[in-house]
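In what follows, every heavy atom counts, from backbone to side chain, and hydrogens, waters and symmetry copies are set aside.
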Amino acid sequence: YIPLSTHDLDGRVREIATWLAKERRSVHESSMELRKFLVQAIICEVIRLNSISSTHKMVEDVRRYIIENISVPINVSRLAKVAGMSKFAFIRKYGILAGRTPMEDLRVIRVNHARDIILSTGLHLKEVAESTGFSNISQMTKTFRKCLRITPGTFRKLSRGNSGSQ
């Protein structure tokens with residue numbers, strides 16, 4: 001047993017757990033796949049939350065900026081400006097502190113946001129792409145598949161087919 005000091009201030013773990021609880025009674029064949037995905041999402045979110053406490057303030061500030069500006073185009077030069085650093089020093093330091101490049105982090109944050117919108121709304125995928133800063137559905141699908149190993153359309157079908165209420 002390892003105690004965790006995770007603070008789910010945004011309620012993301014609770015929300016994903018609620019979706020998982022709704023799925024536990026489903027008898028659909030694809031329900032097991034969706035449950036596995038949701039468990040994976042909870043684990044990833046807990047890992048992310050646990051890493052925040054040890055994350056450097058600069059990384060936290062950049063991630064906060066990304067979340068607050070999720071629907072607009074963001075480039076590494078803008079993120080470097082937010083961090084108050086030159087572009088190349090920022091890329092190097094961010095990689096060391098966050099464990100991935102700023103643009104990789106941006107893509108992961110956008111995909112997680114898109115996943116949450118797909119699960120919680122009926123927005124068309126084009127609207128989801130636009131609201132999460134992807135230039136089009138194709139870009140969102142490619143990035144979503146790379147990060148989560150499933151396309152947004154398939155994910156939506158799995159989540160809708162098993163929810164019973166939609």
Side-chain angles (χ1 to χ4, degrees), residues 4 6-52 55 59-60 62-76 79 91 94-95 97-166:
L4 299 175
T6 302
H7 301 286
D8 185 22
L9 299 177
D10 297 330
R12 290 171 55 109
V13 172
R14 181 178 297 124
E15 185 173 19
I16 298 168
T18 300
W19 296 328
L20 181 62
K22 289 178 183 176
E23 289 302 314
R24 77 174 188 269
R25 292 190 181 103
S26 177
V27 294
H28 296 282
E29 281 183 36
S30 57
S31 183
M32 185 62 158
E33 186 176 342
L34 181 60
R35 286 192 300 257
K36 284 179 186 178
F37 177 82
L38 291 172
V39 167
Q40 179 186 17
I42 290 171
I43 292 168
C44 289
E45 184 63 15
V46 169
I47 290 169
R48 185 190 71 80
L49 289 169
N50 282 329
S51 70
I52 287 174
T55 301
V59 174
E60 289 178 18
V62 168
R63 287 177 176 164
R64 186 176 308 108
Y65 175 84
I66 291 170
I67 291 167
E68 290 171 357
N69 296 279
I70 196 88
S71 64
V72 298
I74 298 172
N75 60 37
V76 74
L79 296 177
I91 292 170
Y94 196 95
L97 295 172
R100 57 182 166 219
T101 70
M103 296 314 284
E104 288 171 333
D105 219 15
L106 172 66
R107 285 189 288 273
V108 168
I109 291 168
R110 283 190 166 149
V111 165
N112 287 336
H113 193 65
R115 179 201 62 212
D116 293 347
I117 291 172
I118 290 168
L119 281 170
S120 61
T121 72
L123 288 177
H124 292 291
L125 292 180
K126 180 180 179 189
E127 295 171 290
V128 174
E130 290 170 356
S131 69
T132 55
F134 290 104
S135 58
N136 54 51
I137 294 175
S138 178
Q139 182 193 25
M140 181 179 75
T141 299
K142 180 180 174 186
T143 308
F144 202 96
R145 183 187 300 126
K146 185 177 181 181
C147 290
L148 301 178
R149 298 187 182 119
I150 189 171
T151 67
T154 302
F155 178 70
R156 170 163 278 163
K157 286 178 190 170
L158 286 172
S159 66
R160 300 286 166 143
N162 297 318
S163 67
S165 63
Q166 297 169 349

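- Enclosure of atom CD in E130 by more than 12 non-hydrogen atoms of other residues, nucleotides or ligands within 6.0 angstrom is indicated.
- Minimum heavy-atom separation, V72 to R110: O-NH2, 2.6 Å.
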Worked check of side chain to side chain donor-acceptor pair (under 3.5 Å) between T154 and T151: CA-CA 5 Å; T154 302; T151 67; 2.8 Å; yes
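- Here the CG-NZ distance, from L20 to K36, works out to 13.0 Å after rounding to the nearest 0.5 Å.
- To the nearest 0.5 angstrom, D105 atom CG is 4.5 Å from R100 atom CZ.
- Panel note: side chain S159, backbone R156; a donor-acceptor pair is recorded below 3.5 Å.
- Within the 4.5 Å cutoff, no side-chain heavy atoms of L158 are placed close to those of F37.
- In terms of heavy-atom proximity, S131 sits nearest to I117 at OG-CD1, 3.5 Å.
- A distance-only check finds a donor-acceptor pair linking the side chain of N136 to the backbone of Q139 [under 3.5 Å].
- To the nearest 0.5 Å, atom CD of residue E15 and atom CG of residue D116 are 5.5 Å apart.
- Of all heavy-atom pairs spanning L125 and M140, the tightest one is O-CE, 3.6 Å.
- Minimum interatomic distance between S120 and W19 (heavy atoms only, all atoms of both residues): CB-CZ2, 3.9 Å.
- When side chains are defined from C-beta on, R64 does not count as touching I67, because their heavy atoms never get closer than 4.5 Å.
- In this structure, N69 and I74 approach most closely via the heavy-atom pair O-CD1, 3.5 Å.
- When every heavy atom of I150 is checked against every heavy atom of F144, the shortest pair comes out as O-CD2, 3.0 Å.
- Within the 4.5 Å cutoff, the side chain of I91 has no heavy atoms near those of the M103 side chain.
- Rounded to the nearest 0.5 Å, atoms CG (L38) and CD (E33) are 11.0 Å apart.
- Within the 4.5 Å cutoff, side-chain heavy atoms of V111 are placed close to those of F134.
- Using a 4.5 Å cut-off on side-chain heavy atoms (C-beta onward), T101 and Y94 make no contact.
- Interatomic distance, CZ of R115 versus OG1 of T132, reported as 12.0 Å (0.5 Å rounding).
- Rounded to the nearest 0.5 angstrom, L119 CG and L34 CG are separated by 7.0 Å.
- Here the side chain of E68 pairs no donor or acceptor atom with the backbone of Y65 at under 3.5 angstrom.
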